[in-house]
Amino acid sequence: MALKPKLKPMSTSNSLQKRSMQFKNVFVDSKKRRKQAFTLSVFVGIALVLYLVSGLFGRGRPTVNKYPPVHGHYINEIATTKPLIFPAVENAAQLKEMNMRSLHILRIDMDGNKKYVLKETDQPITEKERKQMTDPHEIIKRDYLDHGKLVFRKGTDSPEVVIVTLVDFDNYDPQTLIKVVQNRVNYAQRHRYGVYVRWAQEFIPLLEKQNLKESYEYLKPMIMRAAFHAFPRAKYFWFLDQDALIMRMDLSLQNHLLDPKILQLAILKNVPVVKDSNIKTYNHFLPGNAEIIFPQTNGGYLDSSSFIAASGMYSKAMFDYLSDPLVRDFPWQNFAHCVSHALQWHPSILAKTALIVPKTIASVYDPAKKADEKPGVDAFHYTAGDLVASFYGCKDRGSCIKDIDTFYDKVQTS
Amino acid sequence: MSSSMPYDPSFEDEKKRQYSYKHRSFLDRVGATIAQHKRAVLGIFCAFFVLFWFGSSRFTLWSKDPKIVLILAVNDGGGVHKWKGEQEWAIERISIQNKRAYAKRHGYGLTLKDMRTARRYSHEYREGWQKVEVLRQTMREFPKAEWFWWLDLETLIMEPQISLEEHIFKRLDSLSYRMLDKFNPLDLPLDIPYVDYSQPPELLITQDCGGFNLGSFLVKNSKWAHLLLDVWWDPVCYEQKHMMWEHREQDALEALYANQPWIREKTAFLPLRSVNAFPPGACSEFSDDPRYFYSEEDRDFVVNMAGCAFGRDCWGEMQRYGSLLESHNQKWWRRFY
């Protein structure tokens, strides 16, 4: 074994000093070396700058996969900051006169089948172009076509509840429609809600069965989906038929129904989804789970004249399913039958659906009964103090317009 | 130590040390304890033995729930309509062995699902239902798994050393495509309203020359997937289309993808060759299109002998790709003999 010289602690620090001196020598001591160090640092500096610059450009480069942004049935949309979206209902008479034929594009194929089509790429006109138009009919047509392109976009600000209504210019006169829309607008303004009203005729080109009488009910899931898109941050969407009026302006929907504690009381548990069905609603349904809320009529059927959907995956799936041509064009007895089919065959959707007592949002007006009758007697028909008066069945009676008139006066005076 | 050895003081010391309690080694002490409580120890041993041997398969000390579970559809038809021959059994054995080795290597779960023709599916409205039902059943079985990879029986994983994370999930953005503008054999509508492509995909499928192919696909264990499996089979749609929907659940999914935005926004497509490459026999009318067929040079991940039972030689194809798999994955020492 070779002898190792014993190192004293002093000498180690000495060697350290020596090393640091050597290290200094490399860079500092000679002029030549200082120059070398300078050139080196210049190179490093240039590389750094290049790297930073390339990073700057790299960020601006579009990503490899570019997908189209979310859009509705029209690709070009008009952003608005007003939460009250409704068409110019005063033009209903002119629109009726102009007819679908001049409002939409009619395509006739080789076999002579006529079909209205929607031009998805239709460009909305600007304010300036609109001012330059002289023909009043042309303006009305443009307004009609551009109405479907309106979407509410205002930063993070959004109404929590949106009231959705489909109006029809063929069967209603402008005076009645103004009342229907004004009723929703008044209520929405009082509670800071949004309103989304569309012409039913706007959706006709998207259907196979292109007549309003047959297809009106099937437009409801379509307008709900359009409303989801128009108000992406709103929580709840309340569809209310045009044959219904909100009678209590002071009741907010959250306090009246959507609060889980109150909803709990309104939910029908362990009842057949439709009359005589083997499938029953869940016994342990938690109100927090409710994404779709349907009232059930006295007869045990679903009432599609007034329903609420929270915007979420299940309600989107439900409305997409109902708007699927395969489902929509099946010969259903009626739309409520179609909805109850979805609930009976797809338990995941049923698990998110609350069936509620109709008195909450769909009390039906019965002309045989006096509307001023004391409340609490009847769980189904309209009595004074209910949130909504639904004129379900008025088409058969032929009294829709008259009913809306009488009840609208009642809301105004109360 | 023999007796002829002279007296060794160190040995005596050791002996003393052993006998004095304080200096006894740990092992000795354990041994002594066991000797003292023989019955209790036997009881504990028996309890553990019974638990491991006869208890629930969930009861293990070291295995954790797999994040990815492979579902292998075996026993297709189950010999109900025709006799299951020797070659069919052999194919099944090779395929299962291949998946089992792969799952073991990467710590994935593997479950074999019996796809025999059962009476409850014999009604024309129900025959497309089986795959969906098996998937739901597997999701109940592995509630903690994140992804499920469905594989048909006639598939072989050709590159077992590649993990799914490495092969798919890490490069999902560059590998997958969400829109059909480049490759659309069915002419499905390219763009429908309300589709939000910013959603991360939860169903990864492939397209072959005839449309969607569900021979090898991945689905996430999510609420969306549960809802999809619920909506996938609908009596109203199936009643109208069962004559036209030759490929049952595949065609049903195509229809859903075509019309329902909530399904489209979470569906992504992988290139066929990434998880589902075809042998030359399948899609034979497009034999010059390299997008479909297994390539040995590119070392495609999975080969799927789709439709080999219809007029092709399943056993021959399986043998061919099996030997190829073996030659690719030969260990270095095999070269010496």
Side-chain angles (χ1 to χ4, degrees), chain A residues 63-75 77 118 120-121 148-149 151 203 206 221-222 224-230 232 289 291 311-332 337-338 341-352, chain B residues 125 129 132 136 139 171-182 189-199 201-202 222-242 244-245 251-252 254-266 268-269:
Chain A
T63 46
V64 186
N65 294 323
K66 203 144 194 290
Y67 297 116
V70 193
H71 60 80
H73 284 286
Y74 291 106
I75 286 163
E77 289 171 339
L118 189 87
E120 278 122 10
T121 52
K149 303 183 184 96
V151 286
F203 294 95
L206 302 166
M222 299 182 87
M224 286 302 270
R225 202 66 167 87
F228 284 180
H229 176 63
N289 280 348
E291 233 179 65
S311 103
M313 187 181 74
Y314 292 91
S315 53
K316 279 179 186 169
M318 168 85 154
F319 294 132
D320 287 349
Y321 169 83
L322 296 174
S323 316
D324 189 320
L326 265 184
V327 177
R328 185 174 55 208
D329 297 335
F330 187 77
W332 303 103
H337 181 218
C338 172
H341 166 87
L343 296 182
Q344 289 179 82
W345 281 93
H346 302 299
S348 335
I349 297 179
L350 183 62
K352 292 280 170 183
Chain B
Y125 294 169
W129 190 219
V132 175
R136 296 175 79 172
M139 283 185 172
R171 51 181 193 134
L172 193 58
D173 282 341
S174 55
L175 185 71
S176 67
Y177 58 99
R178 308 282 285 273
M179 282 190 78
L180 301 176
D181 46 351
K182 303 239 166 50
L190 286 182
D191 186 22
I192 58 172
Y194 312 126
V195 182
D196 178 8
Y197 286 109
S198 64
Q199 306 262 359
E202 294 182 1
S222 65
K223 282 183 177 164
W224 179 88
H226 285 264
L227 187 55
L228 167 71
L229 293 177
D230 191 348
V231 175
W232 198 329
W233 190 83
D234 184 86
V236 157
C237 301
Y238 209 77
E239 186 187 326
Q240 294 174 75
K241 289 283 184 183
H242 69 274
M244 276 161 269
W245 285 354
D251 291 311
E254 284 161 6
L256 290 176
Y257 180 86
N259 292 316
Q260 301 194 16
W262 73 278
I263 285 173
R264 187 178 282 234
E265 69 188 9
K266 297 232 178 188
F269 297 93

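In what follows, chains are A, B, ... by sequence order, proteins preceding strands, each numbered from 1.
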Asks: Look at B:L227, B:L228, B:D196, B:D181 and state which one has the largest set of heavy-atom pairs under 4.5 Å with chain A.
Replies: B:L227

Asks: Is chain A contacted by the side chain of B:I192, its backbone, both, or neither, given a heavy-atom distance below 4.5 Å?
Replies: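 Contact with chain A is through the backbone of B:I192 alone.
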
Asks: Quick one: what part of B:D230 sits under 4.5 Å from any heavy atom of chain A, side chain, backbone, both or neither?
Replies: both

Asks: Taking side chain as everything from C-beta outward and backbone as N, CA, C, O, which of these in B:K241 sits under 4.5 Å from a heavy atom of chain A? Side chain, backbone, both or neither.
Replies: side chain

Asks: Please determine whether side chain to side chain contact (heavy atoms under 4.5 Å, CB included) holds for the pair A:F203 and A:L118, giving the CA-CA distance in whole Å, both sets of side-chain angles, and the decisive distance to 0.1 Å.
Replies: CA-CA 9 Å; A:F203 294 95; A:L118 189 87; over 6 Å; no

Asks: Applying ring-ring contact (aromatic ring centres under 6.0 Å, His included) to A:H341 and A:F330, what does each step give before you reach the verdict?
Replies: CA-CA 11 Å; A:H341 166 87; A:F330 187 77; 7.5 Å; no

Asks: Does any heavy atom of chain B fall under 4.5 Å from the side chain of A:A226, the backbone, both, or neither of them?
Replies: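 Both backbone and side chain of A:A226 come within 4.5 Å of chain B.
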
Asks: Output yes when a side-chain donor or acceptor of B:W224 lies under 3.5 Å from a complementary backbone atom of B:P201, and no otherwise.
Replies: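 Between the backbone of B:P201 and the side chain of B:W224 there is no qualifying donor-acceptor contact (under 3.5 Å).
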
Asks: Does the gap between the ring centers of B:Y194 and A:F319 come in under 6.0 Å?
Replies: no

Asks: Please identify, among B:S198, B:C237, B:P261, the residue contributing the most non-hydrogen atom pairs under 4.5 Å to chain A.
Replies: B:P261

Asks: Between B:E202 and B:K266, does any side-chain N to carboxylate O distance fall below 4.0 Å?
Replies: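 Between B:K266 and B:E202 there is a salt bridge, with a charged N closer than 4.0 Å to a carboxylate O.
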
Asks: So which of A:K316, A:M313, A:H229 has the biggest tally of heavy-atom pairs under 4.5 Å with chain B?
Replies: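 So the answer, after comparing A:K316, A:M313, A:H229, is A:M313.
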
Asks: Looking only at non-hydrogen atoms, find the nearest pair between B:P193 and A:H73 and report the distance.
Replies: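 Smallest heavy-atom distance, with atoms named: CG-ND1, 3.3 Å.
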
Asks: Please classify the contact between B:V195 and chain A as side chain, backbone, both or neither, with a heavy-atom cut-off of under 4.5 Å.
Replies: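 When you check distances to chain A, only backbone atoms of B:V195 fall under 4.5 Å.
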
Asks: Any donor-acceptor pair under 3.5 Å linking the side chain of A:Y67 with the backbone of B:R178?
Replies: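 At least one qualifying donor-acceptor pair exists.
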
Asks: Which answer fits B:D234, side chain, backbone, both or neither, if we ask what part of it has an atom under 4.5 Å from a heavy atom of chain A?
Replies: both

